[in-house]
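I have placed the structure first, in the form of structure tokens, so that the comments after it can refer back to it.
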Amino acid sequence: MILVNINRSGAKAVTPEQIKDVARGAWVLSESSEKEYADVLVAVRKNTVVGAWDIAKTKREDDGRATFVLKKKSSEFEDLIGQESPVVWTQGQANPVKLVETTTMQQKSSAVELTREGNRRVQLDGWTLIVYPDDRARISPPGDSRIIVESAFPGPSGANVTVRIDDRKN
């Protein structure tokens with residue numbers, strides 16, 4: 001997955017088609033990075049995802065920059081649109097291109113089980129999420145790690161929570 005920051009180049013892009021036109025490039029990207037990451041293109045403006053498309057192919061400009069031929073919206077990743085970027089650019093950071101392993105962004109699923117107490121529980125990759133009847137929730141990481149909540153605010157699909165994992169042993 002390739003993420004491009006369109007703060008400057010796409011500042012005036014309003015419609016989805018204008019955003020797509022800006023996102024397709026021309027971006028500084030090595031050929032090895034292209035081979036490894038050029039499956040999905042995600043456009044980010046002000047650290048919010050504003051577009052996600054599957055990449056059909058990459059064209060190289062005379063100066064070596066990459067321009068993407070994009071398919072329709074990425075059905076697998078269009079839920080990222082409107083969400084906080086999975087990577088953050090800091091002010092003054094020069095490189096508008098970031099690379100992310102697509103597999104780390106793919107959603108996994110697991111069956112929800114109803115406990116005797118009436119709670120809903122999901123376990124996935126060692127993580128456990130318990131949702132109580134009053135809709136409070138508890139999430140437990142694998143092993144002896146602790147989750148520290150950095151911030152939480154309402155979002156389009158419930159809430160956006162920023163956490164960090166503390167692996168220090170108490």
Side-chain angles (χ1 to χ4, degrees), residues 1-25 27 29 33-34 36-56 58 66 68-112 120-132 135-142 145-166:
M1 177 179 291
I2 299 172
L3 292 95
V4 293
N5 183 338
I6 63 166
N7 280 349
R8 267 192 231 150
S9 59
K12 295 181 181 175
V14 178
T15 68
E17 200 56 40
Q18 289 171 332
I19 292 170
K20 185 177 182 180
D21 285 341
V22 170
R24 68 179 87 227
W27 304 102
L29 180 72
S33 293
E34 172 192 337
E36 190 169 344
Y37 295 98
D39 55 347
V40 177
L41 181 69
V42 174
V44 176
R45 184 169 48 203
K46 296 182 181 174
N47 286 318
T48 299
V49 175
V50 293
W53 307 270
D54 293 328
I55 298 173
T58 307
F68 302 104
V69 176
L70 303 175
K71 298 179 186 176
K72 59 181 172 64
K73 279 186 183 176
S74 174
S75 58
E76 187 173 5
F77 295 104
E78 76 177 326
D79 63 326
L80 290 176
I81 298 171
Q83 302 291 321
E84 187 174 316
S85 173
V87 294
V88 177
W89 280 266
T90 56
Q91 186 155 354
Q93 192 171 0
N95 190 356
V97 177
K98 293 205 182 250
L99 308 170
V100 173
E101 288 286 339
T102 303
T103 55
T104 64
M105 298 299 299
Q106 291 171 322
Q107 294 186 10
K108 296 181 181 180
S109 63
S110 183
V112 176
R120 293 164 294 188
R121 179 174 53 204
V122 175
Q123 294 180 302
L124 184 65
D125 290 342
W127 291 78
T128 302
L129 171 67
I130 298 174
V131 180
Y132 301 102
D135 289 332
R136 290 178 301 114
R138 184 181 85 203
I139 189 166
S140 302
S145 301
R146 296 183 310 157
I147 296 177
I148 298 171
V149 177
E150 302 271 329
S151 65
F153 55 93
S157 301
N160 291 310
V161 179
T162 304
V163 299
R164 67 181 164 85
I165 305 296
D166 182 4

| task | For Arg138, enumerate each residue passing the salt bridge (charged side-chain N to carboxylate O under 4.0 Å, His left out) test, keeping only those at least two apart in sequence or located in another chain. | result | none

| field | Partners passing salt bridge (charged side-chain N to carboxylate O under 4.0 Å, His left out) against Asp39 (at least two apart in sequence or in another chain) | value | none

Sequence-distant partners of [X], side-chain contact (heavy atoms from CB on, under 4.5 Å), two or more places apart:
X: Val22; answer: Ile6, Ser9, Ala13
X: Lys46; answer: Asn7
X: Val112; answer: Arg120, Val122
X: Thr15; answer: Glu17, Gln18

Side chain to side chain donor-acceptor pair (under 3.5 Å) partners of [X], counting only residues at least two apart:
X: Asn47; result: none
X: Arg136; result: Asp134
X: Asn95; result: none
X: Thr128; result: Gln123

| said: Looking at Gly10, is its backbone amide N or carbonyl O close enough to the side chain of Arg45 to form a donor-acceptor pair, meaning the two atoms are under 3.5 Å apart? | reply: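 Present.
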
| Short question: side chain of Ser74, backbone of Asp54 - any donor-acceptor pair under 3.5 Å? | no

| field | Audit row: Val87, Val44, side chain to side chain contact (heavy atoms under 4.5 Å, CB included) steps and yes/no | value | CA-CA 9 Å; Val87 294; Val44 176; 6.0 Å; no

| For Phe68 and Ile2, what are the C-alpha separation, side-chain angles and deciding distance, and is it a side chain to side chain contact (heavy atoms under 4.5 Å, CB included)? | CA-CA 11 Å; Phe68 302 104; Ile2 299 172; 3.7 Å; yes

| field | Lys73 vs Ile81, side chain to side chain contact (heavy atoms under 4.5 Å, CB included): CA-CA, chis, key distance, verdict | value | CA-CA 10 Å; Lys73 279 186 183 176; Ile81 298 171; 4.3 Å; yes

